Amino acid sequence: MDVIEVSGLRKTYRGHDAVRGIDLNVPRGEVFALLGPNGAGKTTTVEILEGHRRRSGGEARVLGEDPGTAGRVWRARIGVVLQDADDAADLTVTEMVRHVAGFYPDPRPVAEVIDLVGLTEKSKARIRTLSGGQRRRVDVALGIVGRPELLFLDEPTTGFDPAARRQFWDLIRALAAEGTTILLTTHYLEEAEALADRLAVLSGGLIVAEGTPATLGGRGAAGARVSWRHGGVQHTEQVTDPTELIRKLVAEDADLTTLTVTRPTLEDTYLTLIGDHR
Amino acid sequence: MTAAVLPGTAHNGLARGRVELLQFIRDRTAVIFTFAFPAMLLLLFGTIFGDSYEDTGVSVSQVYTASMIAYGILSTAFITMGSGLAMDREDGTLKRLHGTPITSTAYLMGKLILVFVLSIAEVTMLLLVGVLVYDMPLPDASHWVVFGWLFLLSVIACTLCGIAVSALVKRARTAGAILNVPLVALQFISGVFIHPITQLPSWLITVASLFPVKWMSQGFRYVFLPDSMKVYEAAGQWELGRIALVLGAWCVIGLVLCLVTFRWTEKDR
């Protein structure tokens with residue numbers, strides 16, 4: 001049984017179809033990323049799976065239960081990292097983490113969680129005084145303090161500087177290594193590529209492609225483009241496997257300082273995918 | 001999974017109450033306005049209307065002290081609850097809690113603890129003004145018993161109504177404006193600002209009698225004023241039984257409205 005099992009999931013708001021029939025399976029221990037432009041239905045999908053919204057149709061099972069009706073015991077097994085909360089502004093980091101830890105049967109030690117998200121130096125600071133990125137790290141701390149089996153991360157690194165983002169990725173990898181299943185939404189492609197075992201691209205409420213970062217949208221089979229200059233002339237060849245061609249060029253004594261081998265980036269693939277379905 | 005036990009609702013409720021109080025105390029503006037406003041009104045009214053009620057030896061400022069306790073509880077419980085809930089819905093507090101194993105009962109318990117502590121502090125403050133500034137004598141034990149149940153019923157009724165009304169508040173910024181409309185209107189027709197209430201047209205007294213504020217202020221006047229003052233009440237009596245009945249009914253109405261209207265998030269219908 002997979003941790004997340006979704007089939008034909010639909011959500012309609014006042015006649016507008018936000019999610020139009022999604023199938024999704026996430027096995028235990030996987031990091032799964034949902035990619036898509038704003039309004040594609042990422043947040044709606046995640047909020048249905050968290051139990052925050054009701055679905056209009058289809059089937060959804062999360063940790064073996066229907067998230068629309070699951071109770072407290074189920075909620076103790078999931079962790080939710082909110083996207084845009086600014087609650088508890090007058091509490092300190094430690095006070096808030098300790099408070100939320102108290103709702104769970106077997107929470108992580110408070111100081112350990114704060115250290116994991118890199119906020120030890122700020123542990124006595126009021127949450128109001130934190131920067132946007134630090135504030136999001138508090139959200140992550142609150143999401144993982146209950147030792148969730150399944151963690152939901154909805155655009156977790158929005159507003160992070162590059163260094164904080166790298167640090168955050170390390171944290172997610174550490175959680176994944178402990179066996180936590182993670183469902184992540186993001187519109188940063190390098191984030192999906194760095195973290196996800198598998199990913200799906202959502203566009204207009206539908207999944208338009210699904211795969212690993214290396215194979216998404218036929219990326220693996222798309223081959224490579226080899227370019228080099230020889231005798232003042234630019235050459236370009238599209239090949240499935242560049243090994244043979246490069247071996248030939250070496251044998252011909254071509255000038256290899258100008259050699260480039262490019263594959264379609266995840267971004268190229270992604271833009272093609274959502275462009276096709278706009 | 002091991003059989004680790006989920007912390008109970010009472011335990012979580014107490015933790016919520018502690019955090020609610022901590023946050024309230026740290027927001028200095030809220031502290032000053034919540035506490036100073038009713039006391040300031042009392043000082044103003046007491047100074048402006050300085051006379052005595054004929055033959056009774058009771059000063060108008062003493063009557064105001066008793067009536068303003070009703071106002072203090074109403075504004076503390078109703079506004080704190082109504083705007084607090086709207087705020088919690090807006091800043092993500094409720095959404096955050098809904099992603100954890102806490103129950104809605106524990107959340108509401110926390111709010112109730114906050115409201116009770118604030119109301120006790122508020123009443124103490126008003127009594128201090130009454131006793132120190134207006135020489136209001138404190139009543140005997142039997143009156144304090146009435147004060148006990150009256151205080152309890154008043155706080156619960158106002159709190160539950162505040163929760164119910166918060167469902168109408170779409171954005172926290174407008175909460176103050178929306179919640180103050182029924183509040184101020186009821187003050188004027190319920191014998192809090194204008195007493196004797198018999199100066200009002202009788203249909204207006206009938207309207208006021210449908211709501212809890214009139215009965216709250218009447219009850220607190222019974223507690224803190226001499227028996228001779230009952231002639232200034234609408235019925236010429238203190239009507240303690242009816243006060244208990246109406247406030248009890250509002251507790252039930254408020255509870256039903258709460259259960260019907262409370263939801264963790266605002267968005268989903």
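From a predicted model like this one, the values you see are computed outputs, not experimental measurements. So that the names make sense, note that chain A is the first sequence line, chain B the second, and so on, each numbered from 1. Side chains are part of it too, since the values below use all heavy atoms of this structure and drop only hydrogens, waters and symmetry mates.
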Enquirer: Within the 4.5 Å heavy-atom criterion, are Arg128(A) and Arg26(B) side-chain neighbours or not?
Expert: no

Enquirer: Please look at Val73(A) and chain B and tell me whether the side chain, the backbone, both or neither of the residue comes under 4.5 angstrom of a heavy atom of that chain.
Expert: both

Enquirer: How would you list, in number order, the residues of residues 108-129 of chain B that have a heavy atom less than 4.5 Å from chain A?
Expert: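 Interface residues of residues 108-129 of chain B: none, nothing closer than 4.5 Å to chain A.
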
Enquirer: Walk me through whether Lys95(B) and Glu47(A) qualify under salt bridge (charged side-chain N to carboxylate O under 4.0 Å, His left out).
Expert: CA-CA 10 Å; Lys95(B) 198 175 174 191; Glu47(A) 289 190 343; 2.5 Å; yes

Enquirer: Tell me the residues of residues 12-22 of chain B whose non-hydrogen atoms fall below 4.5 Å from those of chain A, in number order.
Expert: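 Under the 4.5 Å heavy-atom cut-off, Asn12(B), Ala15(B), Arg16(B), Val19(B), Leu22(B) qualify.
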
Enquirer: For the interface with chain A, which of Gly8(B), Gly92(B), Ala106(B), Pro7(B) has the highest count of heavy-atom pairs at distances below 4.5 Å?
Expert: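 Between Gly8(B), Gly92(B), Ala106(B), Pro7(B), the count favours Pro7(B).
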
Enquirer: Could you tell me which portion of Thr92(A) (side chain, backbone, both or neither) has an atom closer than 4.5 angstrom to a non-hydrogen atom of chain B?
Expert: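 Contact with chain B is through both the backbone and side chain of Thr92(A).
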
Enquirer: Is the side chain of Arg75(A) donor-acceptor paired with the backbone N or O of Gly99(B) at a distance under 3.5 Å, no angle test?
Expert: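 A pair under 3.5 Å: no.
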
Enquirer: Do Pro105(A) and Val5(B) come close enough that some side-chain heavy atom pair is under 4.5 Å?
Expert: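 Counting from C-beta outward, Pro105(A) and Val5(B) never come under 4.5 Å.
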
Enquirer: To the nearest 0.5 angstrom, please state how far the CD atom of Gln23(B) sits from the CE atom of Met96(A).
Expert: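 Here the rounded value is 7.5 Å.
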
Enquirer: Can you find a pair of side-chain heavy atoms, one from Pro101(B) and one from Tyr104(A), that are under 4.5 Å apart?
Expert: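 Heavy-atom side-chain distance check passes, below 4.5 Å.
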
Enquirer: With a strict 4.5 Å heavy-atom criterion, list every residue of residues 167-177 of chain A that contacts chain B, or say none.
Expert: none

Enquirer: With chain A, which of Leu6(B), Asp88(B), Leu97(B) has the greatest number of heavy-atom pairs at distances under 4.5 Å?
Expert: Leu6(B)

Enquirer: Specify which of Ile78(A), Val80(A), Leu82(A) makes the most heavy-atom pairs with chain B at under 4.5 Å.
Expert: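 The answer is Leu82(A).
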
Enquirer: Arg96(B): what forms a salt bridge (Lys or Arg N to Asp or Glu O under 4.0 Å) with it, not counting sequence neighbours?
Expert: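 If we apply the salt bridge (Lys or Arg N to Asp or Glu O under 4.0 Å) test to Arg96(B), skipping adjacent residues, the hits are Asp87(A), Asp139(A).
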
